[in-house]
There are 2 protein chains.
Amino acid sequence: MAAALRVIEEEGVGVLTMRRLAREVGSTAMALYHHVRDKEELLLLLLDDYAAGLPRPELPEEPRERVVAAAMAMHEAVSGCPWAVDVLRADDLMSVGALWYPERIVDAAVRAGLTMEEAVDAYRIIWHYTAGEIGGRAAARRRREEGRPTHRERVFAELDAEEFPRLSQVAARWEELTVRDTYGKGVRALVHGLLP
Amino acid sequence: MAAALRVIEEEGVGVLTMRRLAREVGSTAMALYHHVRDKEELLLLLLDDYAAGLPRPELPEEPRERVVAAAMAMHEAVSGCPWAVDVLRADDLMSVGALWYPERIVDAAVRAGLTMEEAVDAYRIIWHYTAGEIGGRAAARRRREEGRPTHRERVFAELDAEEFPRLSQVAARWEELTVRDTYGKGVRALVHGLLP
DNA sequence: ATGCATTTTTATACATGTATAGAAACTAGC
DNA sequence: GCTAGTTTCTATACATGTATAAAAATGCAT
């Protein structure tokens with residue numbers, strides 16, 4: 001795990017292969033499979049460690065603000081973790097070390113007056129939004145790094161202004177409009193719409 | 001494209017490999033690369049065709065209801081497309097054939113009183129939520145099909161009731177609580193929070 | 001028809017995750 | 001110290017996406 005972490009931090013998650021990690025610890029790739037089920041589990045364990053070591057921010061008392069703050073902390077935590085993206089789609093709970101976030105969110109939602117069922121719904125909806133936002137941004141960044149042409153360019157190039165007036169209107173500014181961080185805006189909207 | 005579509009529909013997206021597709025059309029894997037940049041582009045083209053052929057549902061006039069309806073139609077469209085999941089994270093626009101959805105959403109948002117910038121934000125936030133929801137559900141299904149133990153089980157097994165009272169409280173019912181479709185609830189919340 | 005340039009296809013190769021089979025190292029009981 | 005069983009590791013193999021280089025096919029001007 002330490003070796004894996006070192007490789008990731010020094011050279012990026014892209015170069016962490018099973019063979020590379022094996023070489024790093026003086027073993028063979030398949031030997032690693034005695035300790036982890038597959039590569040995803042390895043990354044999950046790393047994520048877990050990472051999450052467990054995160055500082056837990058002070059949260060406001062007011063329930064709605066509390067949910068927003070917890071969600072934004074969760075978002076920030078995952079954003080700062082380059083290998084999280086490959087694991088995120090795994091489930092609706094991130095990892096053991098990161099249970100702190102759902103616990104706070106569900107709790108605050110209940111305190112805001114939601115039933116337990118509603119609170120779980122609220123958490124999962126917030127989580128899906130979070131995962132989607134991070135996944136999208138990570139994919140975009142990766143694409144940019146690899147120099148691949150964004151799909152968007154092609155889309156906007158052959159845009160029919162008759163059929164899609166609104167999109168044509170913003171086509172030129174899309175890039176500019178979409179680099180801004182709108183995560184907070186989204187969570188706030190969700191909290192506004194989900195909590196009484 | 002037709003061959004790829006046939007393979008996917010008959011045997012699932014999992015068996016569509018470049019070599020298999022090549023065999024299907026009596027060629028070699030690398031020959032395909034003259035027509036598509038990579039496998040992702042192939043899937044994107046398929047998705048595009050699929051999206052272009054979708055029926056465009058009648059939408060309510062009232063702007064907020066219109067956004068909700070368009071979003072739900074978009075969600076349903078993507079859900080019904082098994083190979084969409086592998087492409088979705090690509091960007092914040094799905095594909096040319098699916099531009100109908102963002103166009104309606106942005107337009108309705110503007111008609112509801114948002115500025116163009118705000119409308120684009122709203123669309124992207126809804127899109128991220130949609131992508132996250134579908135990605136998560138697809139991952140869960142795949143995991144179930146492969147018989148892999150869900151990460152969640154392990155998480156809940158070693159849950160400390162002292163530290164995570166709320167989560168412990170729902171641990172046993174998590175499965176039951178999370179099979180329900182809460183997408184609509186989420187979009188409604190977003191629309192409620194984003195549109196004036 | 002012929003020679004050249006461009007398009008399209010093949011052959012081969014590599015890195016990757018991981019399955020399988022078996023070897024080696026270790027542990028417990030005597 | 002020896003044996004049987006278990007844990008851990010190694011060797012090899014395969015399917016996959018795709019890079020690279022070369023071959024073949026095609027189109028075009030003469």
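Basis for what follows: all heavy atoms, side chains included, without hydrogens, waters or symmetry-related copies. Below, chains carry the letters A, B, ... as their sequence lines are ordered, and counting in each starts from 1.
Comparing C/dT9, C/dT18, D/dA11 against the side chain of A/Met18 picks out C/dT18 as the nearest. Each of C/dG17, D/dT18, C/dT9 was ranked by its minimum atom distance to the side chain of A/Tyr33; first place goes to C/dG17. Residue A/Asp38 places its side chain closer to C/dT18 than to any other of C/dT18, C/dG17, D/dC9. Picking from C/dT10, C/dT16, D/dG17 the nucleotide with the shortest atom distance to the side chain of B/Arg19 gives D/dG17. Side-chain proximity of A/Lys39 to the nucleotides C/dT9, D/dT10, C/dG17 is greatest for C/dG17.
Taking atom CG of residue B/Leu42 and atom P of nucleotide D/dT18, one finds them 10 Å apart after rounding to whole Å. When the P atom of C/dT18 is taken as reference, atom CG of A/Leu21 falls 13 Å away, rounded to whole Å. Counting to the nearest Å, the P atom of C/dG17 and the CZ atom of A/Arg37 are 17 Å from each other. Whole-Å rounding puts the A/Glu40 CD to C/dT18 P distance at 9 Å. Counting to the nearest Å, the C1' atom of D/dT10 and the CG atom of A/Leu32 are 12 Å from each other. For the pair B/Arg23 CZ and D/dA15 P, the interatomic distance rounds to 11 Å; values are reported in whole Å.
Between A/Glu61 and A/Arg111 there is a salt bridge, with a side-chain nitrogen of the basic residue lying less than 4.0 Å from a carboxylate oxygen of the acidic one. A/Arg137 has no carboxylate O lying under 4.0 Å from a charged side-chain N of A/Asp181, or vice versa, which leaves the two without a salt bridge.
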Distance-only donor-acceptor hits, side chain of residues 4-12 of chain B, under 3.5 Å, sequence neighbours excluded:
| unit_1 | atom_1 | unit_2 | atom_2 | d |
| --- | --- | --- | --- | --- |
| B/Arg6 | NH2 | B/Glu24 | OE2 | 3.1 |
| B/Glu11 | OE1 | B/Arg20 | NH1 | 3.4 |
| B/Glu11 | OE2 | B/Arg20 | NH2 | 2.8 |

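Within a heavy-atom distance below 4.0 Å of DNA chain C, no residue of residues 2-10 of chain A is found.
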task: For the pair A/Val106 and A/Met116, evaluate side-chain contact (heavy atoms from CB on, under 4.5 Å) and give the outcome as yes or no after the intermediate values.
output: CA-CA 8 Å; A/Val106 170; A/Met116 206 60 198; 3.8 Å; yes
message: Output one letter per nucleotide in nucleotides 20-25 of chain D: B when a protein non-hydrogen atom lies under 4.0 Å from the base, S when only the sugar-phosphate is that close, - when neither is.
response: B-----
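Among the heavy atoms of the strands lying under 4.0 Å from A/Thr28 is at least one base atom, whether or not backbone atoms are also near.
B/Tyr101 and B/Tyr123 have their aromatic ring centers separated by at least 6.0 angstrom.
A 4.5 Å side-chain heavy-atom check between B/His35 and B/Met1 finds every atom pair outside the cut-off.
Taking the six-membered ring for Trp and thresholds of 30 and 60 degrees, A/Tyr129 and B/His128 have ring planes inclined between 30 and 60 degrees apart.
Open room surrounds CD on B/Glu76; 12 or fewer heavy atoms of other groups in view lie less than 6.0 Å from it.
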